[in-house]
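Step one of this worksheet: look at the structure below.
Below, chains carry the letters A, B, ... as their sequence lines are ordered, and counting in each starts from 1.
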Amino acid sequence: MGEVLRLWNCSEVCSFPLLRPTVLQLSKHSKHVANSELSKKESKFMGHSLHGSYEAVQAILQKMQDAGFKPNSSSITSVLQAVTELCFLKHGKEIHSFVLRNGLDDYDVYVGTSLVDMYVKNNCLSSAQNVFINMKNKNIFAWNSLISGYSFKGLFEDAERLLDSIGEEGIKPNLVTWNGLVSGYAMWGRHKEALSTIHRIKSSGLTPNVVSWTALISGCSQNENYADSLKFFIQMQEECIRANSATISILLKACAGLSLLHKGEEIHCLCIRKGFVEDIFVATGLINMYSKSGKFKSAHEVFRKIKNKTLASWNCMIMAFATYGFGKEAISLFDEMRGAGVQPDAITFTALLSGCKNSGLVDEGWKLFDSMSTDYNIAPTIEHFSCMVDLLGRASYLDEAWDFIQTMPLKPDATIWGAFLASCRIHKNLAFAEIAAKNLFKLEPHNPANYVLMMNLYSMSNRWDDVERLKDLMKNAGVKNGLVWSWIQIDQAIHMFSAEGKPHTDAGKIYFELYHLVHEMKKLGYEPDISCVHQNIDEVEKKKLLLSHTEKLAITFGLMNRKSGEPIRVIKNTRVCSDCHTAAKYMSLVRKCEIFMKDGIRFHHFREGECTCNDCW
DNA sequence: CTAGGGTTAG
């Protein structure tokens, strides 16, 4: 940045067309680059030079004016492009008024289009529309910019209206126009409309391309609708549209979200064949996919092979270490990252702090939390505060966590109280838990998880009146315990276990096996934790009920069907109960088998009677 | 000068 600033301040910059000399000085390749042929990278560089030195830019603009230079539309356009890409609305507005002040025509096709685009990308639709309306000659680019602007804001009536009126100007919508609409619909969770827009592309005589389909698939992914992502990917292949690395990176995200390890591995093979592994987005997606599907080793391998690691790939790997309870390793990877000259961001610290909390590294956590603002000038966000509450609370420093909440500069939200409540449950502190719950019931009255945690605490202390009171509270607030399910993949089939749905076809055999298993587990010291049952029934009934928990059934089924040496991978949609957590540890011990479980909150890796979460979850 | 891509979170 220092060097750029110096360039901006030197006087020879002042020859027009605006800014070109600077770009030429910055450009490594050519001294004869025409302004209109600036590469994206160079425009970005210009943007960087604008950043933080806007006063200098203004001074130069003034100087140029005084010297009688006139900027032309192409120079204005390249500045606007840079400003747009970096989302410097303030600077964009300045340039707009500079254009007006200096008698440049802001209705010029090029200037107009880049102004529309700048306002659209900076969330100023009304200004974009004003410029648009005043443009004398509108080309398809201006239309597309505005239509996608409305579409991304979810204003589909306006977007469709614009689409209809394109024709009146004698212009035909192109694929980009349509793709903007597809993308908007998909992003807003309106997959049906997105898909029907793809069909509309066909009826307009064009052929939907990989971008159209990728937009649809990406929208599903963004809405955590991973199953549809995969469904539409198949549909895309049926239409003979080839995936590119962008499509693949989204698919990897979908596989990660569903912990579909086998599908992810398949895609990895495809990536190697097609050379997509070279793409940094794909590589990062692979790390994430392996990390979330329980194959830490593969995640690490992919990471080590990346030649030009980006901040995101470092972050992703630090998070993987954190997830698997390798807090110290996460921190040394952070040191390695800094050694490589990569500056951390807020996400890096979320990952690091979460690594500390999963490994109980309280001192290291404090150090990192402090160094964020002092050494890296990154203001801690609510997530970082929440991590700290979690870190302190889990390590049994409940009083410190309480003080931390009282003194933090941000208003504690549900994540803060949620972290505190979870710690109270672990350390069985009912008094603190009740305060946390009171806040949580106010902040998110419809989240069943909070009620369940509290019931857990009350039933531990045999306070059945309070359990009933909470059940009534839930009922009155209209909170329903969502469906609870666990599943496991055996060969190509997914086996679902749900308390509400149909029992598994092999239910009899599974229960038979489970009884045997529990018998063996008890020999090694397993004791059913009946506090997980919130009904006031007798002990034998409670123990029976515990056996029907979906995760136990899924693991048992996995043990019955696994190939020797293969770990078991179970996915559950809600937080694992503490009895099932203990049971899984004993199961891994008895059957000498690694068990991987992804629950609604985090990842557990059971091995030889231990879990990577260190019993805090 | 216009369209699609990765990372955190109780």
Go through the N and O atoms of the side chain of [X] and the base of [N], and report whether any donor-acceptor pair is under 3.5 Å.
X        : N      : value
A:Ser386 : B:dG10 : no
A:Asp279 : B:dG6  : no
A:Thr284 : B:dG6  : yes
A:Glu444 : B:dG10 : yes
A:Asn315 : B:dG6  : no

Base, sugar-phosphate, or nothing for [X], non-hydrogen atoms under 4.0 angstrom?
X        : value
A:Ala419 : sugar-phosphate
A:Leu440 : base
A:Ser245 : base
A:Ala414 : base
A:Val210 : base
A:Ser218 : sugar-phosphate
A:Phe303 : nothing
A:Lys292 : sugar-phosphate
A:Ser313 : base
A:Asn209 : base

Please name all residues satisfying salt bridge (charged side-chain N to carboxylate O under 4.0 Å, His left out) with A:Asp158, sequence neighbours left out, ordered by chain then number.
->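 Checked A:Asp158 against salt bridge (charged side-chain N to carboxylate O under 4.0 Å, His left out); matches are A:Arg161.
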Of the options [options], whose atoms approach the side-chain atoms of [X] most closely?
X        : options              : answer
A:Asn447 : B:dG10, B:dC1, B:dA3 : B:dG10
A:Ala422 : B:dC1, B:dG10, B:dA3 : B:dG10
A:Ser354 : B:dA3, B:dG5, B:dA9  : B:dA9
A:Asn288 : B:dT8, B:dC1, B:dG5  : B:dT8
A:Thr310 : B:dG5, B:dG6, B:dT7  : B:dG6
A:Lys357 : B:dG5, B:dG6, B:dG10 : B:dG10
A:Val176 : B:dA3, B:dG5, B:dT7  : B:dA3
A:Ile347 : B:dT8, B:dG10, B:dG6 : B:dT8
A:Met319 : B:dG10, B:dG5, B:dT8 : B:dT8

Looking at [X] versus [Y], is the centre-to-centre ring distance below 6.0 Å?
X        : Y        : answer
A:Phe432 : A:His427 : no
A:Tyr290 : A:His300 : no
A:Phe369 : A:Phe404 : yes

Measure from [atom1] on [X] to [atom2] on [N] and round the result to the nearest Å.
X        : N     : atom1 : atom2 : result
A:Leu333 : B:dT8 : CG    : C1'   : 15 Å
A:His384 : B:dA9 : NE2   : P     : 11 Å
A:Tyr226 : B:dG6 : OH    : P     : 10 Å
A:Asp599 : B:dA9 : CG    : C1'   : 14 Å
A:Phe152 : B:dT2 : CZ    : C1'   : 11 Å
A:Ile198 : B:dA3 : CD1   : C1'   : 13 Å
A:Ile287 : B:dT8 : CD1   : C1'   : 15 Å
A:Ile248 : B:dG6 : CD1   : P     : 13 Å

Tell me, with the steps shown, if A:Phe349 and A:Phe334 meet ring pair (Phe, Tyr, Trp, His ring centres under 6.0 Å).
-> CA-CA 9 Å; A:Phe349 283 96; A:Phe334 172 61; 5.7 Å; yes
Could you tell me whether A:Glu336 and A:Arg304 have a side-chain N and a carboxylate O separated by less than 4.0 Å?
->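 Looking at A:Arg304 together with A:Glu336, the answer is yes, because their closest N to O distance falls below 4.0 Å.
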Could you name each residue pair satisfying salt bridge (Lys or Arg N to Asp or Glu O under 4.0 Å) that touches residues 435-456 of chain A, not counting sequence neighbours?
->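 For residues 435-456 of chain A, and leaving out neighbouring residues, there are no salt bridge (Lys or Arg N to Asp or Glu O under 4.0 Å) pairs at all.
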